[in-house]
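Chain A is the first sequence line, chain B the second, and so forth, proteins listed ahead of strands; every chain is numbered from 1.
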Amino acid sequence: DVKVTQSSRYLVKRTGEKVFLECVQDMDHENMFWYRQDPGLGLRLIYFSYDVKMKEKGDIPEGYSVSREKKERFSLILESASTNQTSMYLCASSLLDEKLFFGSGTQLSVL
Amino acid sequence: AQTVTQSQPEMSVQEAETVTLSCTYDTSESDYYLFWYKQPPSRQMILVIRQEAYKQQNATENRFSVNFQKAAKSFSLKISDSQLGDAAMYFCAYRSGSGTYKYIFGTGTRLKVLA
């Protein structure tokens, strides 16, 4: 069974901390995505990657960076966490022209 | 830029009844894909149904079917014989057929199924 694994289901961090959200897929997918989900706003794309070491900004990249050193792993980095980054973060992967496979999300609270 | 609009934040349906969730989109492209994703309380988002814009025939998956009106840019989801397990957030999504792998999601519709 295909799987996208996010390292934490719940995370609580302090303002100003550097935060790493990890995502691993076992399907050899080229594309990986990080979304942020907020009530009433749906899913908004932060960054996506279509190959190792390749990345493109999504709609809301400010305050975030990403790293893709290996094909199966896509990390989202909050350089200095702020309270307005409290949200649900969803990782997803896909083949070139196929549906998205999602992880089960990380609920991040920044205090 | 493409947009996806879901105008119903919340819907309710009686068990065994039929419900239709609305989605409209805006694009100038002719080649694209449309999706409905379901997010149950477990938060695990799963694909419900997919429609290629070049196909005139509406997609169907068991109790789930779509009404795809390309000229009107409308893509509604019909759930027949609703079950308690259908209770979830439903997201409509758009993806261009070329040039980018970006998906654009609507704001979601929360479906409640009443026993």
Side-chain angles (χ1 to χ4, degrees), chain A residues 1-6 8-11 21 23 25 27 29-51 54-61 66 68 74 87-108, chain B residues 1-10 21-26 31-55 59 61 64 66 75 88-111:
Chain A
D1 202 10
V2 297
K3 206 163 186 181
V4 178
T5 303
Q6 294 185 231
S8 304
R9 192 163 174 84
Y10 298 96
L11 209 53
L21 302 183
C23 176
Q25 51 98 359
M27 297 164 282
H29 284 171
E30 290 85 0
N31 303 322
M32 296 189 75
F33 306 80
W34 275 107
Y35 287 92
R36 171 175 171 160
Q37 182 180 359
D38 298 289
L41 296 178
L43 277 71
R44 293 179 291 166
L45 182 64
I46 305 172
Y47 269 97
F48 72 100
S49 168
Y50 51 90
D51 202 351
M54 306 303 289
K55 61 185 179 184
E56 283 201 24
K57 293 180 180 179
D59 300 315
I60 51 165
V66 291
R68 193 165 182 203
F74 192 36
S87 186
M88 171 76 73
Y89 291 88
L90 290 169
C91 175
S93 71
S94 75
L95 284 170
L96 287 175
D97 195 26
E98 295 293 323
K99 67 180 183 182
L100 292 172
F101 289 86
F102 283 88
S104 53
T106 295
Q107 179 63 53
L108 173 67
Chain B
Q2 296 84 14
T3 59
V4 175
T5 302
Q6 293 179 251
S7 58
Q8 306 154 316
E10 194 169 291
L21 308 185
S22 300
C23 173
T24 58
Y25 59 96
D26 190 25
D31 181 22
Y32 52 88
Y33 301 85
L34 297 165
F35 306 82
W36 278 98
Y37 281 89
K38 171 186 177 181
Q39 186 182 44
S42 67
R43 302 184 337 204
Q44 184 70 56
M45 192 93 77
I46 57 174
L47 178 68
V48 175
I49 202 162
R50 161 189 159 132
Q51 175 81 42
E52 291 89 346
Y54 63 84
K55 289 188 177 178
E61 288 286 342
F64 298 87
V66 297
F75 183 61
M89 281 289 286
Y90 287 82
F91 292 95
C92 179
Y94 170 102
R95 206 208 86 185
S96 172
S98 62
T100 178
Y101 305 118
K102 280 179 61 174
Y103 290 73
I104 300 167
F105 285 82
T107 52
T109 296
R110 181 171 300 282
L111 178 66

Straight-line distance of [X] [atom1] to [Y] [atom2], nearest 0.5 Å:
X        : Y        : atom1 : atom2 : answer
B:Met45  : A:Cys91  : CE    : SG    : 12.0 Å
A:Lys99  : B:Tyr103 : NZ    : OH    : 10.5 Å
B:Ile104 : A:Asp59  : CD1   : CG    : 7.0 Å
B:Gln44  : A:Phe101 : CD    : CZ    : 10.5 Å
B:Met89  : A:Gln37  : CE    : CD    : 6.5 Å

Please check if the side chain of B:Tyr37 supplies one atom and the backbone of A:Leu100 the other of a donor-acceptor pair under 3.5 Å.
-> yes
Looking only at heavy atoms, which two atoms of B:Arg43 and A:Thr106 are closest? And how far apart?
-> NH2-N, 4.0 Å
Determine the minimum heavy-atom distance between A:Leu41 and B:Thr107, stating which atoms define it.
-> C-CG2, 3.9 Å
Answer yes or no: are there more than 12 heavy-atom neighbours, outside B:Arg110 itself, under 6.0 Å from its atom CZ?
-> no
Sub-6.0 Å ring centroid separation between A:Tyr35 and B:Phe105 = yes
Heavy-atom proximity to chain B below 4.5 Å, by part of A:Arg9 = both
Contacting region of B:Gln6 [heavy-atom separation from chain A under 4.5 Å] | neither
